[in-house]
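Chain identifiers are assigned alphabetically (A, B, ...) following the order of the sequence lines, protein sequences preceding nucleic acid strands; residue numbering begins at 1 within each chain. Note: hydrogens, waters and symmetry copies are ignored here, and every other heavy atom, side chains too, is used.
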2 protein chains.
Amino acid sequence: MNKSQDALVLLRQIIRSTDMQEKEISRSTGLTLPQLMTMQTLRLSAPITTGELAKEISLTQATVTSILDRLEKKELIQRERGTDDKRKVWISLTPQGVELMKGAPTTQQDLFTRRFDDIQSWEQSMVVSALERVAFMLDAQHLDAAPMLDIGQIDRPDSQE
Amino acid sequence: MNKSQDALVLLRQIIRSTDMQEKEISRSTGLTLPQLMTMQTLRLSAPITTGELAKEISLTQATVTSILDRLEKKELIQRERGTDDKRKVWISLTPQGVELMKGAPTTQQDLFTRRFDDIQSWEQSMVVSALERVAFMLDAQHLDAAPMLDIGQIDRPDSQE
DNA sequence: AGGAATACTTAGTATACTAAAACATTAGCA
DNA sequence: TGCTAATGTTTTAGTATACTAAGTATTCCT
């Protein structure tokens, strides 16, 4: 009878599953979770300034600076002083950084995509529409989130909704 | 057109939204994320042994021990040596621990529940059924104690607190 | 010139984590 | 029964990291 409870349980499963996957990626890449979060954000939003990046992942600038220091030492990201506004520093992934992020995170997404493509079209639509509902009910719509995996596309339309 | 992509974007939004909320809880409770993860697991699965707990949150026993040390010092959890098997140590939340976890994490869930209860019954069923689909497609069903039955109906008397 | 914005630095702390080992208890087996 | 192996937890020592708070340097803007 308590369907909202059911929904929450399922959501927890879903989130937990991706948590575990993230931890697995963290292990396989040798990155910590904050570093991973940084790299993922960069993959979607690079080039981006340090401050924007900090806002994006809800950390302070000082913290992000230190994280970037470590990622830079590993040659996964690069800094570039802005030309028009020289206060800004633009962060982006190095080729090695791109490579590292390309390797790891696909398995779960691939599985999802394969299985999703297997179901019928009307059911796909149902899932999408239900997820929209859930996103709204969690107040998640205003957050922009490009597809977390799928590397090929790095243009960044802010056209969310 | 690419509906699986749409689904992934929405999933990412949902996960990101709960990530942010978790960070907010972390701030408001003064707990770190691993500590929070521990507390949340305890809320669902206590009493549980240290080893089981470690497995549950994918950390090593030694790490969990140190996390428990800190939570114990804050009087949020308690240890109890097993009586039948004296090697085991059973962990559970103290009343303060329960109280702390009761306060924080509800807002988003409450919002979700309120909004979920607002939609029509058939739509609720659709959402639940879609989430089951998604959980399956992410291979999330085997995780958690939640029984993931065949698509279509899930019966889950979860004694949530 | 002055204040705001941007990024970085510094110093210090708490935490998570690793690897190895210690320790107590339990289980298996001859 | 007695010895050994396995289990469950903790300990130890050491490291890297994240994080905070305050302060610095540079650049931008009016």
- Query: Which residue, B/Thr83 or A/Glu52, contacts DNA chain C at a nucleotide closer to its 5' end, judged by nearest heavy atom?
  - Reply: A/Glu52

- Item | B/Gln78 CD - D/dT9 P separation (whole Å) | 16 Å

- Check whether B/Val128 and A/Phe136 end up in the same hydrophobic cluster, where Ile, Leu, Val, Met, Phe, Trp and Tyr are linked by side-chain heavy atoms less than 4.5 Å apart. yes

- Could you check how far CD1 of B/Ile91 sits from P of D/dT9, rounded to whole Å? 8 Å

- Message: Taking any heavy-atom pair under 4.0 Å as a contact, classify A/Thr50: base, sugar-phosphate, or nothing.
- Response: sugar-phosphate

- Residue mapping more 5' on DNA chain D - nearest nucleotide basis, A/Asp85 or A/Ala62: A/Ala62

- Its 5'-most and 3'-most nucleotides having an atom under 4.0 Å from a non-hydrogen atom of chain A, DNA chain C is contacted over C/dA5 to C/dT9

- Task: Report the residue (A/Thr32 or B/Asp69) whose heavy-atom-nearest nucleotide on DNA chain D is the more 5′ of the two.
- Result: B/Asp69

- Query: Between A/Ser4 and A/Asp6, do the side chains contain an N or O donor and an N or O acceptor separated by less than 3.5 Å?
  - Reply: no

- Task: Answer yes or no: side-chain N or O of A/Arg87 and base N or O of D/dT26 forming a donor-acceptor pair under 3.5 Å.
- Result: no

- Task: Step by step, work out the side-chain contact (heavy atoms from CB on, under 4.5 Å) result for B/Glu24 and A/Ser58.
- Result: CA-CA 10 Å; B/Glu24 179 51 38; A/Ser58 284; over 6 Å; no

- Task: Name all residues meeting the salt bridge (charged side-chain N to carboxylate O under 4.0 Å, His left out) criterion together with B/Glu72; count only those two or more places apart in sequence or in a different chain, and write none if there are none.
- Result: B/Arg79

- Query: Whole-Å distance between D/dC29 P and A/Lys86 NZ?
  - Reply: 12 Å

- Message: Without decimals, in angstroms, what is the distance between B/Lys88 NZ and D/dA6 P?
- Response: 18 Å

- Classify the nucleic acid contact of A/Thr63 as base, sugar-phosphate or nothing, counting any heavy atom under 4.0 Å across all strands shown. base

- Let me know the distance between CZ of B/Arg79 and P of D/dG8, rounded to the nearest Å. 17 Å

- Does any N or O in the side chain of B/Thr38 come within less than 3.5 Å of the main-chain N or O of B/Pro34, such that one atom is a donor and the other an acceptor? yes

- Query: Any link between A/Ile15 and B/Leu44 through a network of hydrophobic side chains (Ile, Leu, Val, Met, Phe, Trp, Tyr) touching at under 4.5 Å?
  - Reply: no

- For B/Phe116 and A/Lys3, work out which heavy atoms get closest and say how close. CE2-C, 3.6 Å

